[in-house]
There are 2 protein chains.
Amino acid sequence: MAARYEQIAAELRDEILTGVHPVGSQLPSEAELAARYSAARGTVRQAVGILAAEGLVGSRQGARRIVLGGERSQSFAELHSFAQWARSQGHVVGGEVLGQRRRKAGPAESAKLGTAEVLEVLRLRTLEGEPVLLERTVYASWIAPAVEGLPRDCESVTQALYDGVGLVFAYGEHLIDAVSASSEDARLLGVRRGSPLLRQRRITTTQEGRPVEWSDDRYRAGSVAFSIRNSIGANPLARLAL
Amino acid sequence: MAARYEQIAAELRDEILTGVHPVGSQLPSEAELAARYSAARGTVRQAVGILAAEGLVGSRQGARRIVLGGERSQSFAELHSFAQWARSQGHVVGGEVLGQRRRKAGPAESAKLGTAEVLEVLRLRTLEGEPVLLERTVYASWIAPAVEGLPRDCESVTQALYDGVGLVFAYGEHLIDAVSASSEDARLLGVRRGSPLLRQRRITTTQEGRPVEWSDDRYRAGSVAFSIRNSIGANPLARLAL
DNA sequence: GGTCTGGCCTTGTCTGTACATGTTCCCCTA
DNA sequence: TAGGGGAACATGTACAGACAAGGCCAGACC
């Protein structure tokens with residue numbers, strides 16, 4: 001059973017999404033909510049803290065909380081698993097391993113993953129049958145056997161690794177920029193060489209902080225975008241010069 | 001003076017960044033920290049909560065907190081102000097207004113900004129003299145006079161609006177994808193037509209939730225990237241199909 | 001040697017209280 | 001009518017205590 005503050009957050013989120021609290025309106029005060037849910041003020045604060053972190057409501061000391069905007073925020077799993085995301089959005093997802101081999105880790109890979117050997121996998125993902133995403137993933141050697149055991153057309157690697165060996169992806173770091181399609185990119189994604197691709201490079205670790213994979217994902221332009229909400233209080237997004 | 005929990009967070013962050021707590025090591029327990037800082041456990045939890053939200057440390061019930069990684073996280077102001085960001089990174093920043101006019105708001109703009117008239121501004125930004133960013137910004141009519149009063153080569157619009165009329169940008173929503181350079185984009189940024197650009201569309205609001213601006217920013221590929229940390233507990237990043 | 005169990009440690013959740021700090025709005029006054 | 005003062009209200013910070021839930025480890029057992 002979910003924690004009390006999660007239940008309250010879910011109810012409030014639902015009320016916002018269904019228009020009980022329209023955008024721009026004020027949320028009930030913490031005291032009112034505490035009375036309504038028969039909870040302590042601290043518990044209510046945890047609940048609205050979630051909504052604030054999601055960017056759904058804004059907070060200012062002294063003033064009532066304001067409803068900022070509609071829905072957002074996919075689960076971590078949906079972000080890390082292309083298949084889980086696509087299915088939750090109602091898309092028809094496909095994919096196939098195009099190449100897979102073990103090799104020695106380069107110095108950068110070794111530093112990122114902490115292993116001397118890596119498993120390199122090239123995957124092509126489709127939405128509604130159209131090629132959309134090209135994944136070049138490098139796995140740490142300790143997880144390589146589990147990855148090699150997966151079928152070539154495994155839809156959700158994340159799900160399969162969880163079911164198979166109980167691996168949980170817990171933390172991620174993402175670097176997002178735009179690049180030109182290389183010859184290989186262009187051929188596999190069905191676009192012209194040099195056309196724009198949205199690139200997401202990410203490193204993912206377990207709950208214990210152990211790195212699992214390092215990936216270079218390239219989306220065909222016009223197929224997918226990334227969305228982030230931020231505020232003075234919570235700013236997960238940073239800009240980097242290259 | 002900063003709040004107690006912010007002081008504690010700052011000290012811990014400093015200890016992590018200076019290697020007192022190396023990556024992969026365990027943080028002292030909440031009880032130890034509470035004793036060390038003569039604070040209640042709740043206060044310490046607020047402090048480490050900040051670090052967890054920044055992606056610096058990971059948390060699992062029952063186990064000690066783990067140090068995940070180095071620094072990150074620019075201030076909200078640095079993200080919203082190209083000039084403040086660039087200066088904090090030691091870059092030489094420049095910029096100029098290339099065009100500016102008032103016009104009627106389209107239906108989408110009217111819905112986003114809540115005004116019938118808008119001020120459209122086209123700005124070119126440079127780093128070390130090289131054109132890097134093309135900003136097409138639409139301001140709500142109530143802030144337009146203040147924007148029109150700025151000099152054409154105003155470095156930091158955000159800073160100028162704060163100094164001039166006390167306007168604070170408080171909340172933002174960002175949509176990031178990749179596009180081909182149009183003829184105009186290409187000419188102004190000094191790239192070939194059709195070459196990849198990193199596009200960031202954002203809408204920014206005040207503390208009261210009032211929309212201020214809607215902007216389409218296009219970065220030359222290879223000049224700038226965006227960075228995000230996330231975890232199972234906090235996932236600000238979402239993927240959207242187009 | 002390997003496995004299982006139980007106890008201890010640590011983080012997660014929740015309550016209740018108190019005071020600080022900032023906002024809002026009404027009323028009174030000039 | 002415009003402006004100032006202040007009370008009422010709301011969120012922010014901090015403390016203290018209690019129990020739940022899960023990880024970790026050592027000692028017992030097979």
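Atom set for the values below is all heavy atoms of this structure, side chains included, hydrogens, waters and symmetry mates excluded. Sequence lines set the chain letters: A, B, ... in the order given, protein chains first and strands last, and positions in each chain run from 1. Predicted, not measured: the structure shown is a model, and the values here were computed from it.
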* Structure fact -> Looking only at heavy atoms, the pair that brings B/Thr137 and B/Glu213 closest together is CG2-OE1, 3.5 Å
* Which atom names give the shortest non-hydrogen contact between B/Arg202 and B/Thr204, and what distance separates them? -> NE-OG1, 3.8 Å
* Which of parallel (below 30°), tilted (30 to 60°) and perpendicular (above 60°) describes A/His91 and A/Trp85? ->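 Tilted.
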* B/Tyr219 ring center near B/Phe226 ring center (under 6.0 Å) ->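 Ring centroids of B/Tyr219 and B/Phe226 are less than 6.0 Å from each other.
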When the distance from [atom1] of [X] to [atom2] of [N] is rounded to whole Å, what number comes out?
X        : N      : atom1 : atom2 : value
A/Arg45  : C/dT13 : CZ    : P     : 16 Å
B/Glu208 : C/dT24 : CD    : C1'   : 12 Å
B/Ile50  : D/dT13 : CD1   : P     : 9 Å
A/Gln7   : C/dT13 : CD    : C1'   : 12 Å
B/Glu6   : D/dG12 : CD    : P     : 12 Å
A/Arg4   : C/dG16 : CZ    : C1'   : 16 Å

* Can you list every side-chain hydrogen bond (donor to acceptor under 3.5 Å, both in side chains) pair that touches residues 110-119 of chain B, not counting sequence neighbours? -> B/Arg102-B/Glu117
* Mark yes when over 12 heavy atoms from residues, nucleotides or ligands other than A/Tyr162 sit less than 6.0 Å from its OH; otherwise mark no. => no
* To do: Could you check A/Gln26 against A/Tyr5 and say which one's nearest nucleotide on DNA chain C is further toward the 5' end?
  => A/Tyr5
Quick one: does [X]'s side chain have a donor or acceptor within less than 3.5 Å of a partner on [Y]'s backbone?
X        : Y        : value
A/Arg123 : A/Val97  : no
A/Arg125 : A/Glu155 : yes
A/Glu109 : A/Val118 : no

Could you write out each protein N or O paired with an N or O of nucleotides 4-7 of chain C at a distance under 3.5 Å?
none

* C/dT13 phosphate, OP1 or OP2, under 4.0 Å from A/Thr43 side-chain N/O ->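 Answer no for this pair, as no side-chain N or O of A/Thr43 is under 4.0 Å from OP1 or OP2.
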Show each protein N/O and nucleotides 5-10 of chain D N/O combination with a separation under 3.5 Å, one pair to a line.
residue, atom, partner, partner atom, Å
D/dA10, OP1, A/Arg64, NH1, 2.5

* Does A/Arg41 get its side chain close enough to the base of D/dG12, under 3.5 Å, for a donor-acceptor pair? -> yes
* Asked: DNA chain D: B/Gln46 or A/Gln207, which has the more 5' nearest nucleotide?
  -> B/Gln46
* Residue B/Ala3, side-chain atoms from C-beta onward, closest of D/dG23, C/dG12, D/dA14 ->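 Between D/dG23, C/dG12, D/dA14, the one nearest the side chain of B/Ala3 would be D/dA14.
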